Amino acid sequence: MLNYLRPAAILLLLLSLLTGVAYPALVTALAQWWFPQQANGSLITGKQGEVQGSALIGQTFTEPRYFWSRPSATGPYGYNAAASSGSNLGPTNPALIEAVAARVQALHDADPTNQAPVPVDLVTASGSGLDPHISLAAAEYQIKRVARLRHISESILRALVAANSEDRQWLVFGEPRVNVLQLNLALDALGN
């Protein structure tokens, strides 16, 4: 019996070291070497080096003078990366219908003069619940409100949205979009 246990124990130890230590260390080293920004969370830092957020995880903006993000489906604490998941509510689920109606009402309350149709990504969460982007239509929908509250012309805000927009990935996948955190940081940099 000992003849079988010794090789099994040695193999377990070797494979544990290989797959539990050597491989993760190699992958981490290669990621730090080839993709240091992404490997460290794509953090956005301020002028003094303070971390202001990540370009990959959304943040909640509730003040009307900022562009608002997509809603988060990560439970009571929005954009909680540890609770990343969709809501799994179907389109006819009463809870989803109520949540969307409340979000539409919040948008109308923040900008009562805006009669444009509300873009769907401003009232529904993404599959992960962490999406940092909104569509260009969602940014356009919010321009009048932000311009009015910040006393900035709409044309300046449209230029700011254009400067902070991202095209389709590899010109094929996804839709053009705007990272809300980067847009709001650029908006704060204007000083209004």
Side-chain angles (χ1 to χ4, degrees), residues 1-62 67-100 103 119-136 138-139 164-186:
M1 175 112 163
L2 194 56
N3 292 340
Y4 295 114
L5 289 179
R6 183 180 170 155
I10 291 173
L11 192 55
L12 174 66
L13 178 65
L14 287 175
L15 286 175
S16 294
L17 289 173
L18 180 67
T19 61
V21 176
Y23 178 75
L26 175 67
V27 169
T28 300
L30 290 175
Q32 289 293 331
W33 184 37
W34 286 333
F35 308 105
Q37 169 73 9
Q38 295 88 337
N40 291 307
S42 298
L43 299 177
I44 298 172
T45 56
K47 292 179 182 175
Q48 278 76 36
E50 73 280 4
V51 175
Q52 296 180 320
S54 170
L56 302 176
I57 297 177
Q59 292 186 15
T60 302
F61 291 94
T62 56
F67 286 89
W68 291 355
S69 306
R70 284 188 83 156
S72 177
T74 61
Y77 306 106
Y79 301 102
N80 177 1
S84 174
S85 70
S87 67
N88 290 333
L89 299 177
T92 59
N93 187 304
L96 179 63
I97 293 169
E98 285 178 28
V100 168
R103 293 168 184 160
V120 72
D121 56 323
L122 286 179
V123 294
T124 57
S126 66
S128 69
L130 303 173
D131 195 350
H133 299 97
I134 57 174
S135 66
L136 296 179
N164 287 281
S165 19
E166 303 171 16
D167 205 358
R168 296 170 183 249
Q169 188 171 7
W170 300 313
L171 302 173
V172 177
F173 300 111
E175 293 296 323
R177 60 205 175 277
V178 178
N179 185 296
V180 179
L181 175 59
Q182 291 173 332
L183 177 60
N184 283 332
L185 290 173

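This is a predicted model, so every value here is computed, not measured.
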Q: For the pair L15 and L17, evaluate side-chain contact (heavy atoms from CB on, under 4.5 Å) and give the outcome as yes or no after the intermediate values.
A: CA-CA 5 Å; L15 286 175; L17 289 173; over 6 Å; no
Donor-acceptor pair, side chain of [X] and main chain of [Y], under 3.5 angstrom:
X: E98; Y: L96; result: no
X: S69; Y: Q59; result: yes
X: S54; Y: L43; result: no
X: R168; Y: G174; result: yes

Q: Under the side chain to side chain contact (heavy atoms under 4.5 Å, CB included) rule, collect the residues that match up with E166, sequence neighbours excluded.
A: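 Applying side chain to side chain contact (heavy atoms under 4.5 Å, CB included) to E166 gives H133, R177, N179, Q182.
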Minimum side-chain heavy-atom gap [X]-[Y] below 4.5 Å:
X: I44; Y: V51; answer: no
X: V180; Y: W68; answer: no
X: T45; Y: Q52; answer: no
X: P94; Y: I97; answer: no
X: P71; Y: T124; answer: no
X: L183; Y: L181; answer: no

Q. Going through the checks in order, is the side-chain contact (heavy atoms from CB on, under 4.5 Å) test met by Y23 and L18?
A. CA-CA 6 Å; Y23 178 75; L18 180 67; 5.7 Å; no
Q | F61 to F67 - nearest heavy-atom pair and separation | A |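 Minimum heavy-atom separation between F61 and F67: CB-O, 3.5 Å.
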Q.
Can you give me the closest heavy-atom contact between P119 and A138, atom names plus distance?
A.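 Closest approach of P119 to A138: CG-CA, 3.7 Å.
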Q.
Run the salt bridge (Lys or Arg N to Asp or Glu O under 4.0 Å) test against D121 and tell me which residues pass, sequence neighbours left out.
A.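 Per chain and number, D121 pairs via salt bridge (Lys or Arg N to Asp or Glu O under 4.0 Å) with no residue.
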